[in-house]
Amino acid sequence: MAQPTSFLSFTADSVTPAHLNLIDLAASFGNLTVAVMSDRALWGNRALPVLTLEERMNLTRHLRGVANVVVQNEWSYSHVLDTVKPHFFVHGSDWDSVNTAESVKMQLSSWGGHLEEVPFQSDLAWLEPSHRASKFLDSGGGGKPSPDSRRASLSRVLKFDRPVLAMEAHNPLSAMVAESVSFEQSLGDVVEKKFFDALWSSSLTDSTSRAFPDIEALSFDSRLANIREIFRVSSRPLIMDLDTGGEPEILSLRLSELESAGVSAGVIEDKVGLKKNSLLGNDVFQEQATALQFSKKIEYVKRYQKSREFMLVARVESLILDAGMDDALQRSHSYVSAGADAVMIHSRKRDPSEIYEFLDKFRHLDSSTPIVLVPTSYNSETATDLYKRGANLIIYANHMLRAAVPAMQKVAQQILLTDRGQEADESLLSIDGILGLIPGTN
Ligand code: SPV
Ligand code: MG
């Protein structure tokens, strides 16, 4: 008779005594296959591991009792279990809404397999860095990813085979709301969680929420202070809108502050002079830098970058300023040659065809540089469609603030009209809701 097989799944970012016990136990049931979770499987459920997938698989291969190592690409066990079809699955008693003991037992029973549940050793699991970071997140404050790990997470997430979604956050509360929203979708037999991967620190909404015009009037220090406050409550990577970026010498000092704080990417736009919001286009006076001038700025600041993973995003304003498709493409390629890690192409048209033309033509010559889009105007397009056409990072650049203003106006107006608060109540978060919103209030 063939030897029985056993299975377990883990992150393998570090190996704790709890893992060794689990591996010994699982190996005692049969020939042991260990699944190592990929970044994609972990993202949104656990902090990203310090080690790469290859390093973690290698580490696991060297552990006594491990016969095979496979990759687990989804948080759900369903797919990997179906591939491995083990006789025994050894798992702790810590389940969640995607992976339940019942669903796993049912699946195993279809080939006569058994679940061996062991009591979850929280004190030992605590030693594992990614688990520790995740538990901090659950506690709603306290610890957060280190600046290094947060900064690096954006470039890692951009390697996933799907669009990366970023939501605007203009203060810690809007960041918390953006981060807390998610839903589970079934993709065939696999359940995947959908959520915003990253946050966008917008010059428009940062300025507007402090009643400044979007003309680079709000100081860099004030914008960075806001980001630091956001990081206190959020674990997500953040992309900062740096407007024109200013003089290269000053910009490089600022970028270094952003890197240290854990910001993942800075976006600079190829304009000079008094900056105006791009969505105004040529309705106001806005001047584009020359391609050479802007390329030199990119080259200069990239020379002083400290960390490997920080991304400098070159934002091309040619379509905004009616300089034409050829200009947009030429500039994009020369900014990449100058060292830009990604290109943001912006459009203020409702019709996405100029964006699609750009994507097709840019991708013809460059298949790898990430493309960032801000589909505020051409909002009929889904992130999935934009991704299929060649975009990577999709930013919803002002939606949290634009959602808040009409909601506030409506309630204030209603209270004036009815001379009391009762009618406004149905538009409001309940008192229990607001008291329960921030951990530690009640
Ligand atoms: C921002 O959000 O501040 C941006 C995007 O720069 S846009 O407002 O569309 O120019
Ligand atoms: Mg802006």
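Indexing begins at 1, ligand by ligand and atom by atom, following the structure's order.
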Ligand 1 and Lys275, any nitrogen or oxygen pair closer than 3.5 angstrom? no
Give the atom numbers and elements of ligand 1 that come within less than 4.0 Å of a heavy atom of Leu204. 1 (C), 3 (O), 8 (O)
Are any of the N/O atoms on Val374, whether in the backbone or the side chain, positioned under 3.5 angstrom from an N/O atom of ligand 1? no
Tell me whether Glu168 reaches ligand 1 (any heavy atom closer than 4.0 angstrom to a ligand atom). no
At less than 4.0 angstrom from any non-hydrogen atom of Ala397, what atoms of ligand 1 do you find? 2 (O)
Does a salt bridge link Asp197 with Arg162, judged by any charged N lying under 4.0 Å from a carboxylate O? yes
Minimum-distance N/O/S atom that Asp241 presents toward the Mg ion (ligand 2): OD2
Between His399 and ligand 1, find which residue part has any heavy-atom pair under 4.0 Å and reply side chain, backbone, both or neither. neither
Nearest-neighbour protein heavy atom for atom 2 (O) of ligand 1, which is reported as residue plus atom name and distance: Ser202 OG, 2.8 Å
If I apply the N/O under 3.5 Å rule, does Asp241 come out as touching ligand 1? yes
Can you confirm if the NZ or CZ of Arg151 lies within 45° of the ring axis of Phe310 and under 6.0 Å from the centre of its six-membered ring? no
Here's one to test your reading of the geometry: is the NZ or CZ of Arg236 within 45 degrees of the ring axis of Trp200 and under 6.0 Å from its centre? no
For Ser278, the ligand 1 atoms with a heavy-atom partner under 4.0 Å come out as 10 (O)
So how far is it from Asp419 CG to Gln414 CD, rounded to the nearest 0.5 Å? 12.5 Å
Does the Lys NZ or Arg CZ of Arg389 fall within the cation-pi geometry relative to Tyr356 - under 6.0 Å from the ring centre and within 45° of the axis? yes
Between Trp200 and ligand 1, is there a nitrogen or oxygen pair with a distance under 3.5 Å? yes
Taking the non-hydrogen atoms of Asn398, is any one of them nearer than 4.0 angstrom to ligand 1? no
In sequence, state the C-alpha distance, the side-chain angles, and the governing distance for Phe10 and His19, and then conclude on side-chain contact (heavy atoms from CB on, under 4.5 Å). CA-CA 8 Å; Phe10 81 144; His19 293 126; 3.2 Å; yes
Touching ligand 1 at all, His346? Heavy atoms, strictly under 4.0 Å? yes
Mind checking whether Asn277 contacts ligand 1 via backbone (N, CA, C, O), side chain (CB onward), both or neither, at a 4.0 Å heavy-atom cut-off? side chain
State whether Ser203 contributes an N/O/S atom found under 2.8 Å from the Mg ion (ligand 2). yes
Give yes if a backbone or side-chain nitrogen or oxygen of Ser203 is under 3.5 Å from a nitrogen or oxygen of ligand 1, and no if not. yes
Taking the basic N atoms (NZ, or NE/NH1/NH2) and the acidic carboxylate oxygens, is any pair closer than 4.0 Å for Lys349 and Glu354? yes
For the rings on Tyr77 and Phe89, is their centre-to-centre separation under 6.0 Å? yes
Ligand 1 atoms nearer than 4.0 angstrom to some heavy atom of Leu279 are 9 (O)
Should the pair Lys302-Asp341 be classified as a salt bridge under the 4.0 Å nitrogen-to-oxygen rule? yes
Nearest non-hydrogen atom to atom 6 (O) of ligand 1 belongs to which of His170, Glu269, Arg315? Arg315
Between Arg56 and Asp39, is the closest basic N to carboxylate O distance under 4.0 Å? yes
Is a salt bridge present between Asp13 and Arg46, judged by a nitrogen-to-oxygen distance below 4.0 Å? no
